[in-house]
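Every heavy atom of this structure was used, including side-chain atoms; hydrogens, water molecules and symmetry mates were not.
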Amino acid sequence: MRGIINKPSPVGLFLLGFFLSRRDEYGFFGDIEETYYIISKRNGRLKSDMWFWKQLFVLVPIIFIDSFYWSFIMLKNYLLVTCRNIKKQKMYSFINISGLAIGIACCISIFLLVQNELSVDSFHEKKDRIFRVYTESIYTNNTVNMAPVMLPFAPAAKSEFPEIEEAVRMSRHNRLMGTGDKFFYEEIQYADAGFFNILTFPLLKGNPETALKEPYSLVLTEEIAQKYFGTEDPVGKILTVQDSDYKITGILKKLPLKTHLRFEILASLSTLEKTGLSRLTDWTRFSNDYTYLLLKENVYASNLEAKFPSFLKNHAGEDDASKHIMHLQPLKDIYYSSLTYDSARTGSIIYMFVFSAIAAIILVIACINFINLSTARSAGRAKEVGLRKVVGAHRIQLIRQFISESMIMSIAAMILAVLIVIVVIPIINDFTRNDISQNIFENIPAMLALTAITLLTGFIAGSYPAFYLSAFKPARVLKGTVNQNTRGFSFRKILVVLQFAISVFLIVMTITVYNQLDFMRKKDLGFDKEHIAVIPVSNSNIQKNSELFKNILKQNSSIVNVTVSNGTPGSGYSFTSNFVPEGAVGDEGIKMNKIFGDHDFSSTYGLQLLKGRNFSPEFMSDKTGAYIINETAAKKIGWDNPIGKRIRMGDGEEREIVGVVKDFHYYSLRWDYEPAVFALGNDEINFISVKLRPENVKETLAFVEAEFKRLAPRFPFRHFFVDEKFERYYRYEESVGKILIVSALLAVFISCLGIFGLASFTAEQRRKEIGIRKTLGASVTGIISLITKQFIKWVILANIIACPLAFYAVSKWLTSFAFKMEIGAGMFLQSAVIALVIAVLAVSFQAVKAAVANPVDAIKQE
Amino acid sequence: MPELTKLEEQILLSVWKLQREAYGTSIYQYIMELTGKELAIGGIYFPLERLVKKGYLEAFKGEPTPIRGGQSKRYYKLTRDGKEVLFKARETQDAFWKGIPEFDISKGNIG
């Protein structure tokens with residue numbers, strides 16, 4: 001044995017060998033090893049190792065140049081071979097490229113959508129220092145995180161804490177606004193003068209420093225200004241809000257869609273001080289009032305947050321401070337938060353994850369097609385591989401060839417995908433109410449993502465076939481015995497099963513979403529929602545004359561019933577109060593929804609009386625001494641028979657419960673029934689509900705409008721239908737359903753493309769076998785079943801795998817609904833049948849073609 | 001007129017100097033020794049092969065040795081064209097130097 005020769009790390013050598021297959025003819029490897037040896041003898045092993053790895057590291061750019069150099073020489077050949085293959089195998093190429101294009105288009109569309117969602121509120125210049133305050137309310141048995149904050153909080157905090165640079169209150173009010181004969185109900189956001197100091201909303205006209213300073217100042221968006229003043233310059237003009245005149249001090253640029261804030265009209269909050277809003281100094285009342293803070297640089301929000309409890313104790317008193325904890329929420333989190341009583345626009349980050357996952361899954365399915373078809377067609381390429389090897393191609397070169405081939409395919413797919421995305425963006429915008437730019441070429445992250453996805457797809461889709469094909473033994477291949485090894489076959493099988501499992505999963509999810517939607521639509525709401533038109537009336541004229549208005553309407557024979565109330569199901573208006581049952585200790589009560597109306601409320605809405613009686617004009621005492629409650633309220637209080645028992649609202653008089661009605665839905669079926677208390681009362685009328693006959697709805701509404709105009713000529717007439725309002729609650733679920741249906745369709749379509757390709761390959765491969773079978777007397781149906789059988793087996797297996805996963809996902813999704821459909825075997829069967837039928841259709845075309853072919857054509861050549 | 005890069009010129013001169021012992025490792029080490037700068041070994045093969053292609057160098061295979069992991073050496077030899085191009089480069093350089101007035105070191109200023 002000779003002395004040990006120091007050698008560089010084998011890992012490094014392997015890496016070198018992998019990339020530099022060409023370099024060895026320069027004596028490169030020898031030189032490297034020799035130099036390594038010399039250095040190790042002279043300076044020791046450590047030095048030489050360092051030298052070696054450093055050389056390897058600096059080689060990387062050189063390797064790239066080198067491989068490009070050789071790629072360019074070989075590229076012409078690869079391109080030629082690829083193009084020939086694409087031309088020769090039109091169907092396979094179509095399946096591969098279109099599948100990949102759809103996959104890439106899906107990914108990019110979702111990328112754009114997610115990018116858009118994530119950029120919400122990122123345009124504010126001071127975004128890292130902006131926080132919203134929210135309230136954690138502690139009740140006896142639960143806590144609620146809510147967006148509203150008591151109004152006196154912001155000014156007190158600003159004067160007390162030096163960390164706060166600016167604090168702004170915002171208070172939303174629905175007010176009648178207009179000038180001349182143009183009056184509309186508008187959502188007005190009252191805000192402190194510092195509003196523009198915190199948030200970056202550029203003004204087209206007016207001074208942001210002073211625009212919201214003076215009482216009775218208004219700042220409008222361009223659109224609103226145009227609505228009232230047309231082309232005239234609105235600045236300095238007067239608009240009447242309720243009964244006061246406001247001056248316009250500024251015009252806002254059109255708001256970007258990418259903000260959680262929704263407003264078009266700003267008014268100075270100092271106005272509310274003038275009007276003497278009692279909430280301004282009340283530390284216990286919460287309404288649509290929100291507080292935003294701008295912290296100074298280098299202030300930790302958590303440190304400030306920790307000071308709030310003692311601050312609250314000083315101002316609101318011990319008792320209230322223990323009921324509320326104030327928190328800070330960074331601006332970027334607001335859009336994704338789910339606080340109660342929040343008027344901000346919110347999005348769901350979970351759905352973003354889900355959509356990204358779906359896009360990735362569709363791309364995976366497309367890649368699987370590519371892998372399957374490439375390996376399936378390997379027989380056709382085997383001779384080429386064999387010949388290349390015989391002529392002296394290295395395996396690395398062949399791998400490179402096949403990977404660059406799939407790269408070329410995926411680049412072709414990318415071009416197609418870009419076209420698809422450009423066509424699809426307006427549809428996505430329309431559908432998700434976004435403003436994604438159609439010019440994706442200017443969107444650098446998207447272009448980078450596109451390139452990355454394309455290269456990755458090309459690499460992943462190409463690598464398995466590359467290693468598989470390049471492993472052929474030239475001698476055997478050229479002799480004509482292509483190794484149809486079962487390993488590749490079973491790998492293919494696994495991939496097809498995976499494809500279909502994903503498709504079945506998506507089909508089950510889609511069916512669930514639509515079933516749940518259907519369930520929510522069809523479920524008995526506990527009241528009659530059909531043909532009820534609700535007219536909002538926060539106008540004193542109608543409020544005062546509601547009895548007269550009702551009587552006029554009731555005379556019309558097309559109107560069944562009319563009722564006035566403070567809120568209605570679907571109106572979004574609810575008034576929660578604290579109700580204390582008799583015999584309760586102290587003031588401990590139950591928060592319940594109070595519905596104030598007239599005698600006709602329960603008959604108009606068709607509420608079902610379970611116990612006791614309805615309000616009746618015969619009982620004079622009903623007006624001041626009676627309540628009707630719903631089942632849930634009775635359950636919450638814990639009374640089996642509440643009739644005759646007494647409860648009181650807040651500090652008010654106790655009243656007797658005269659009836660119990662069946663539970664009914666006030667909001668979306670996502671939420672459980674709420675306890676409700678009905679009382680007679682005309683003082684808080686917000687809505688007039690008109691029950692119409694199904695015939696001549698248009699004419700009847702015109703009649704109602706005319707009468708309304710007669711009583712209140714200056715006020716706009718608006719109305720909504722209760723059933724439409726309920727329909728709108730499910731818009732979100734509906735859009736989720738639509739996205740699912742599209743992705744399920746795509747997944748199924750791409751999977752079918754793949755299975756179609758595989759079937760045609762099988763048919764082609766077994767052409768001779770089928771020919772012989774036919775000559776020996778096999779029937780056409782027998783041969784069709786011969787080919788279809790295996791595919792059916794795979795699809796059934798896919799179903800068995802997908803169903804438990806889908807069951808889990810479905811039950812998880814349904815937990816967010818208080819009222820949910822039952823998960824039955826039916827929908828799994830349904831999706832299994834859908835998947836099977838589609839798969840059989842995809843396969844049978846090829847199967848029939850093979851089965852009816854003349855056997856002579858198949859066997860004549862040898 | 002054929003131009004040489006600095007590295008190409010250094011390689012050609014190294015090959016000339018190293019005579020029969022001119023191959024990757026020795027050229028690499030010789031250049032590093034004279035310039036005193038570290039060099040990427042992978043960086044000399046492109047110029048080497050380019051020079052072979054241009055006809056300034058000739059390459060032939062040597063014997064494999066165990067130190068080299070059983071790989072054979074690739075020796076390089078300067079051709080007549082190679083010598084010519086080196087002379088030419090030298091001439092050009094000399095011509096440039098000739099135009100420069102002598103400088104006095106003691107005064108510390110140039111020209």
Side-chain angles (χ1 to χ4, degrees), chain A residues 1-43 45 47-70 72-73, chain B residues 5-8 10-12 14-15 18-78:
Chain A
M1 288 290 279
R2 296 181 46 186
I4 297 159
I5 295 168
N6 291 341
K7 277 195 173 297
S9 137
V11 181
L13 282 179
F14 172 79
L15 282 176
L16 272 182
F18 188 81
F19 288 112
L20 286 173
S21 53
R22 287 244 138 220
R23 280 297 166 91
D24 50 355
E25 57 194 60
Y26 303 167
F28 177 75
F29 292 99
D31 286 344
I32 276 259
E33 288 197 26
E34 188 179 340
T35 316
Y36 181 89
Y37 176 76
I38 293 168
I39 295 175
S40 72
K41 278 272 129 97
R42 204 167 52 200
N43 300 332
R45 200 70 202 257
K47 269 272 159 64
S48 59
D49 270 330
M50 272 165 59
W51 173 84
F52 177 71
W53 285 107
K54 198 175 156 195
Q55 293 303 321
L56 203 67
F57 185 72
V58 295
L59 254 174
V60 171
I62 298 169
I63 286 166
F64 265 98
I65 294 164
D66 173 75
S67 61
F68 272 121
Y69 174 71
W70 284 103
F72 274 119
I73 292 179
Chain B
T5 67
K6 196 106 188 158
L7 184 62
E8 280 172 344
Q10 286 168 356
I11 287 171
L12 285 182
S14 314
V15 171
L18 291 165
Q19 297 285 337
R20 283 173 180 283
E21 275 306 310
Y23 63 99
T25 310
S26 61
I27 298 169
Y28 172 70
Q29 290 204 314
Y30 185 71
I31 294 175
M32 283 222 300
E33 209 176 289
L34 286 192
T35 58
K37 279 187 201 152
E38 207 165 320
L39 199 68
I41 190 160
I44 65 167
Y45 291 91
F46 273 118
L48 267 173
E49 291 307 305
R50 203 157 50 229
L51 290 169
V52 172
K53 230 181 208 168
K54 282 182 182 170
Y56 301 146
L57 288 178
E58 260 172 49
F60 49 92
K61 225 173 173 174
E63 72 290 353
T65 60
I67 295 173
R68 299 175 57 85
Q71 317 261 1
S72 51
K73 289 176 184 171
R74 184 171 165 89
Y75 285 110
Y76 295 93
K77 199 181 146 220
L78 200 63

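The 12-atom threshold is not exceeded at CE of A/Met50, counting heavy atoms of other residues, nucleotides or ligands nearer than 6.0 Å.
Neither the backbone nor the side chain of B/Ile44 comes within less than 4.5 Å of any heavy atom of chain A.
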- Could you walk me through whether B/Tyr28 and A/Thr35 pass side chain to side chain contact (heavy atoms under 4.5 Å, CB included), step by step? CA-CA 9 Å; B/Tyr28 172 70; A/Thr35 316; 3.8 Å; yes
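By the side-chain contact (heavy atoms from CB on, under 4.5 Å) test, A/Glu33 is found to be paired with A/Lys7, A/Pro8, A/Leu13, residues two or more places apart in sequence or in another chain being considered. Applying the salt bridge (charged side-chain N to carboxylate O under 4.0 Å, His left out) criterion to B/Glu33, with sequence neighbours excluded, gives no partner residue.
Distance CD1/B/Ile41 to CZ/A/Phe52: 10.5 Å, rounded to 0.5 Å. In this structure, the separation between CD on B/Gln29 and CD1 on A/Ile39 is 6.5 Å, given to the nearest 0.5 Å.
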